[in-house]
Amino acid sequence: MQIKLYNTLTKQKENFVPLNGKEVKIYSCGPTVYSFAHIGNFRTYIFVDNLRRVLEYNGYTLKHVMNITDVGHLESDADEGEDKMEKAARKEKKDPYEIAKFYSEAFFKDMDKLHIERPEIIAKATDHIKDMLEFAKEIVKNGYGYETSKGIYFDISKLDKYPILSNRNVDDQIAGARVDVDPEKRNPYDFAIWIKAPENHIMKWDSPWGKSYPGWHLECSAMSRKYLGEEFDIHTGGVDHIPTHHENEIAQSKGAFGKIPAKIWMHVEFLQVDGGKMSKSLGNVYTLEELSKKGIEPLAYKLFCYTAHYRTKLNFTFEGAMASERALNRLREAYITHKNAKSTEVVKEDESSENNLQNKIDEYKNKFIQAINDDLNIPLAMGTVWEVARENKKSKKYAELLEEFDKVLGLDLSNSEEYIKEQQTIVIPDEIKQLIEKRKEARINKDWELSDKIRDELKLKGYNVKDTKEGMTIEKL
Ligand code: AMP
Ligand code: ZN
């Protein structure tokens, strides 16, 4: 069945036809490993996982590259400020390579907790300095690069068109530019492909322009070409990559070999928190570990992401995530019930009801694949998943169908029994323990109002307290 994908480049859904038969080549912009990845970042990687799995479900094989940015990503995407890695290294009083190692490992641990499939190739920027340098030299040789006292810049005026991915109007922005434009730049939107390193900079390499290091945008251009060739099928990232990072990747590839590197550019809308931006200063940047401490499993966060299409903003609230936690457990229970249905039920059935069951299964499969192949409409596909889960007639065949759907969802449903067992011996999160203690104290003080308030708060957080003659009992909802 035909897959349709939305392409930011053409601003429409397109029939997906790979460049090379059954093998799909994908490049995904990976993490900058200067701190723990947050749940917003993981919305993007969950989308990438869905993309992989949908393609695989449709019988394609994948060659998927994801980079690890461990050098060259400055504080602002527009080449302002310090290198994020160096800044973190100074703050943590560590070597930038140690920082990169630590946060890369943490990142992949979280990816595993989310059951996100690993790309075939993981490419670390610092392992590819030579490839990047070659790329930069080609850009300069073709007349698209020029040197300033700060580095080598890409001259966007040499291109037939810039920008081509985003709608930003370069001329308007020049007129109303809020930031002082570097007077050495030929055009305000020229960007650094290679950066001359200040004296105290740790990550730097020899180049024709002295001790220096590559710009962030160049890294993805060089590594995608190395592993996927000059033209490949799909390039992914978050929407923040559209106006600068991906725009500049396209510019670089056009400068080096005259082509837009990917056919389809896919971008994930942002995860917001309580209706607004996630930011360190607001204290609302959460990691998976912080969610776990509040009783929300990584896979429940994955299910939470399935409540919105990847091209719409998703608003994170703890209540919403807790509802997904409960929903995940309901889905697991439903799967187990279908799985444990007596096979005799099916055997005993007469031929027509057997056919009926098969027809229903075919119908469900059809609805599911239609949804996922329509630009990864996972929320719609989840509707079908729930219909199967809630089928009155229990059957092992429905459990098998849920297992098949789970090839796309990646919720580890086949291990449902283990998760449920684990939860029965679940450790109560610290936050919940503290609330229970506060409630006990309130009851000793006969402050019934506070006690009831805490009981309601616990309920919202997914725990039910009951007061019995023997004392207080607590159960997970
Ligand atoms: P970074 O590590 O900052 O380079 O970001 C890694 C990925 O996460 C990029 O593809 C970003 O576009 C994406 N990203 C950053 N913030 C969010 C967010 N709030 N929601 C969804 N994706 C995000
Ligand atoms: Zn990138």
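Side chains are part of it too, since the values below use all heavy atoms of this structure and drop only hydrogens, waters and symmetry mates. Counting convention: from 1, in listed order, for ligands and their atoms alike.
- Side chains of Lys124 and Asn67 form no contact here, defined as non-hydrogen atoms less than 4.5 Å apart.
- Note on residues 250-263: pairs passing salt bridge (Lys or Arg N to Asp or Glu O under 4.0 Å), not counting sequence neighbours, are Asp160-Lys254, Glu230-Lys259.
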Present, as a list of atom pairs with distances to 0.1 Å, all nitrogen or oxygen contacts under 3.5 Å between ligand 1 and the protein.
| unit_1 | atom_1 | unit_2 | atom_2 | d |
| --- | --- | --- | --- | --- |
| ligand 1 | 2 (O) | Thr32 | N | 3.0 |
| ligand 1 | 4 (O) | Thr32 | OG1 | 3.2 |
| ligand 1 | 5 (O) | Asn41 | ND2 | 3.4 |
| ligand 1 | 8 (O) | Asn41 | ND2 | 3.0 |
| ligand 1 | 10 (O) | Gly238 | N | 3.2 |
| ligand 1 | 12 (O) | Gly238 | N | 3.1 |
| ligand 1 | 12 (O) | Asp240 | OD1 | 2.4 |
| ligand 1 | 12 (O) | Asp240 | OD2 | 3.4 |
| ligand 1 | 19 (N) | Leu271 | O | 3.2 |
| ligand 1 | 20 (N) | Gly40 | O | 3.3 |
| ligand 1 | 20 (N) | Leu271 | N | 2.9 |
| ligand 1 | 22 (N) | Gly40 | O | 3.0 |
| ligand 1 | 22 (N) | Thr44 | OG1 | 2.8 |

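- Applying the salt bridge (Lys or Arg N to Asp or Glu O under 4.0 Å) criterion to Arg90, with sequence neighbours excluded, gives Glu82.
- Side chains of Tyr162 and Asn248 form a contact here, defined as non-hydrogen atoms less than 4.5 Å apart.
- A 4.5 Å side-chain heavy-atom check between Phe232 and Tyr227 finds every atom pair outside the cut-off.
- Under the 4.5 Å side-chain criterion, counting only non-hydrogen atoms from C-beta, Ile195 is not in contact with Tyr153.
- Defined by atom type and a distance below 3.5 Å, a donor-acceptor pair is missing between the side-chain atoms of Tyr60 and Asp233.
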Inset, instruction - Begin with the C-alpha distance, continue with both residues' side-chain angles, and end with the deciding distance and a verdict on side chain to side chain donor-acceptor pair (under 3.5 Å) for His217 and His246. - result: CA-CA 8 Å; His217 317 304; His246 288 173; over 6 Å; no

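- The Zn ion (ligand 2) has Cys29 SG, Cys220 SG, His245 NE2 as protein N, O or S atoms under 2.8 Å away.
- The closest side-chain donor-acceptor pair between Glu14 and Asn7 falls under 3.5 angstrom.
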